[in-house]
Amino acid sequence: MTDNSSGYVIKGGADGRERLRLLSRIVRPTTLSLLDRVGVAPGSSCLDFGCGGGDVCVELSRLVGPGGRVLGIDMDAETIAIAERERAANALSNIRFEVATIGEWPSRRQFDLIYGRFILTHLPDPAAAVSTCRGLLRPGGQVVFEDIDFAGHFIYPPSAAFERYIGLYSEVVHLAGADPTIGPRLPALLIDAGFEDVHVNVVQPAGLAGEVKAIHHLTMDYIRTPVLAHGLASAEEIDGVVEELRALADQPLTLMSLPRIVQTWGRVPLG
Ligand SMILES: C[S@@+](CC[C@H](N)C(=O)[O-])C[C@H]1O[C@@H](n2cnc3c(N)ncnc32)[C@H](O)[C@@H]1O
């Protein structure tokens, strides 16, 4: 089995948490429709695998209600500390957070539903992670993943800076041993792990204005350290791409998308 303890290339901590908050606001409508299609039963016990700042844990908490439980795990201790402070401030007593690294987490707990967003793309061995999820679910339990196909971005009119950003991001993720285009692989990963009744849906937020355009320059800035460490671009070039992405976000006639996002869900056989 490959080690799943490394691979995350984007800046974490407090800055990373604010980027995730922005991303969560952009994809909230499509995540909510996914959870609605899957059907999260009141009273159920859920795990958010690689929960980041816990934004989806909050949605799950509302769906499972006071009789249910949500556990969010993530390896970023600073992000989990922020999530825990926000949980306490909002008195969400059915959520718990744990600092844990996928692949090293010894849990034997049986969950009704495991959810993961934008996590498998960062893992060197996503098949092992999906198989771990299978072992953590009770018979009939559901797994739900949504993840990116970074090659599926689009922009109009075309932009060299945007293409360079996609190329640099994809390269650092590959160099970390992970897969920036994992989205289309998700259904096969579920089927190979023994899930049945596997469904697929594809979504892609895009717009001429607003936060959907403001995420790109942040992401480019937050992969600066591995880009420099691998010698893929100079600091000056990174600054230039960040500035150009920021300028594109302000241009009212430029249409920018997020990566294509593949959503998939399946069930552990009852027998
Ligand atoms: C792109 S963020 C997504 C966070 C959250 N699921 C969301 O959609 O807002 C990926 C998260 O996975 C976490 N992560 C990456 N590799 C991990 C690993 N091996 N074990 C646990 N967490 C990991 C990172 O710390 C980060 O918070």
Side-chain angles (χ1 to χ4, degrees), residues 1-10 23 27 30-31 33-35 37-40 46-52 56-57 60 71-75 100-153 169-204 258-271:
M1 188 203 288
T2 312
D3 180 10
N4 261 332
S5 61
S6 62
Y8 195 54
V9 297
I10 309 172
L23 183 58
V27 297
T30 50
T31 291
S33 1
L34 169 63
L35 295 176
R37 272 179 93 166
V38 169
V40 181
C46 302
L47 172 66
D48 184 345
F49 210 57
C51 65
V56 180
C57 292
L60 290 169
L71 174 63
I73 64 164
D74 198 284
M75 68 178 185
T101 298
I102 292 166
E104 295 172 1
W105 193 50
S107 177
R108 293 277 174 273
R109 282 166 274 213
Q110 295 282 295
F111 294 94
D112 300 305
L113 184 142
I114 299 181
Y115 171 86
R117 185 174 71 185
F118 310 148
I119 176 65
L120 295 178
T121 181
H122 295 294
L123 302 180
D125 192 347
V130 174
S131 162
T132 298
C133 290
R134 169 89 165 69
L136 291 168
L137 284 162
R138 63 166 181 74
Q142 302 200 86
V143 72
V144 187
F145 282 109
E146 44 181 333
D147 225 311
I148 56 171
D149 176 4
F150 216 77
H153 276 91
Y169 179 93
S170 302
E171 206 163 346
V172 288
V173 173
H174 276 307
L175 287 167
D179 184 356
T181 59
I182 199 166
R185 280 174 65 199
L186 295 182
L189 285 168
L190 262 57
I191 291 165
D192 287 349
F195 288 97
E196 64 178 26
D197 204 13
V198 172
H199 297 263
V200 188
N201 186 49
V202 178
V203 296
Q204 186 160 34
L258 243 54
R260 183 158 48 223
I261 299 167
V262 177
Q263 305 176 323
T264 189
W265 62 103
R267 191 176 287 287
V268 176
L270 276 173

Checklist entry - Pick one: which of Val144, Val203, Leu35 meets side-chain contact (heavy atoms from CB on, under 4.5 Å) with Gln263? => result Val203

Item to check | Option from Leu190, Asp179, Asp192 for which side-chain contact (heavy atoms from CB on, under 4.5 Å) with Arg185 holds | outcome: Asp179

Any idea which heavy atoms bring [X] and [Y] closest together, and the distance?
X      : Y      : value
Ala176 : Pro124 : O-CG, 4.1 Å
Ala129 : Leu123 : CB-CD1, 3.6 Å
Pro187 : Val200 : CG-CG2, 3.5 Å
Tyr8   : Met75  : CB-CE, 3.5 Å
Gly135 : Gln110 : O-NE2, 3.5 Å
Ile119 : Phe49  : CG2-O, 3.3 Å

Side-chain contact, heavy-atom cut-off 4.5 Å: [X] with [Y]?
X      : Y      : answer
Cys51  : Val56  : no
Leu23  : Leu258 : yes
Pro259 : Asp149 : no
Thr132 : Ile102 : no
Val38  : Leu113 : yes

Distance (rounded to the nearest 0.5 Å) between [X] [atom1] and [Y] [atom2]:
X      : Y      : atom1 : atom2 : result
Leu186 : Phe145 : CG    : CZ    : 8.0 Å
Ile148 : Phe118 : CD1   : CZ    : 7.5 Å
Leu189 : Ser131 : CG    : OG    : 10.5 Å
Ile114 : Leu47  : CD1   : CG    : 5.0 Å
Leu120 : Cys133 : CG    : SG    : 7.5 Å
Leu136 : Phe111 : CG    : CZ    : 6.5 Å

Item to check | Partner set under side-chain hydrogen bond (donor to acceptor under 3.5 Å, both in side chains) for Arg138, not counting sequence neighbours | outcome: Asp112

For residues 264-271, run the donor-acceptor check on the side chains, cut-off 3.5 Å, and write out each pair with its distance to 0.1 Å, sequence neighbours left out.
unit_1	atom_1	unit_2	atom_2	d
Thr264	OG1	His199	O	2.8
Arg267	NH1	Gly140	O	2.9
Arg267	NH2	Gln142	OE1	3.4

Okay, side chain of [X], backbone of [Y]: is any donor-acceptor separation there less than 3.5 Å?
X      : Y      : value
Gln204 : Val262 : no
Asp48  : Gly72  : no
Glu146 : Ile261 : no

Checklist entry - Which is it for Phe150 and Tyr169 under the ring pair (Phe, Tyr, Trp, His ring centres under 6.0 Å) test, yes or no, and what are the steps along the way? => result CA-CA 8 Å; Phe150 216 77; Tyr169 179 93; 4.0 Å; yes

Checklist entry - Step by step, would you call Val143 with Val130 a side-chain contact (heavy atoms from CB on, under 4.5 Å)? => result CA-CA 9 Å; Val143 72; Val130 174; 5.7 Å; no

Next on the checklist: Looking at Asp147 and Arg117, is there a salt bridge between them, counting it only when a charged N and a carboxylate O are closer than 4.0 Å?
Outcome noted: no

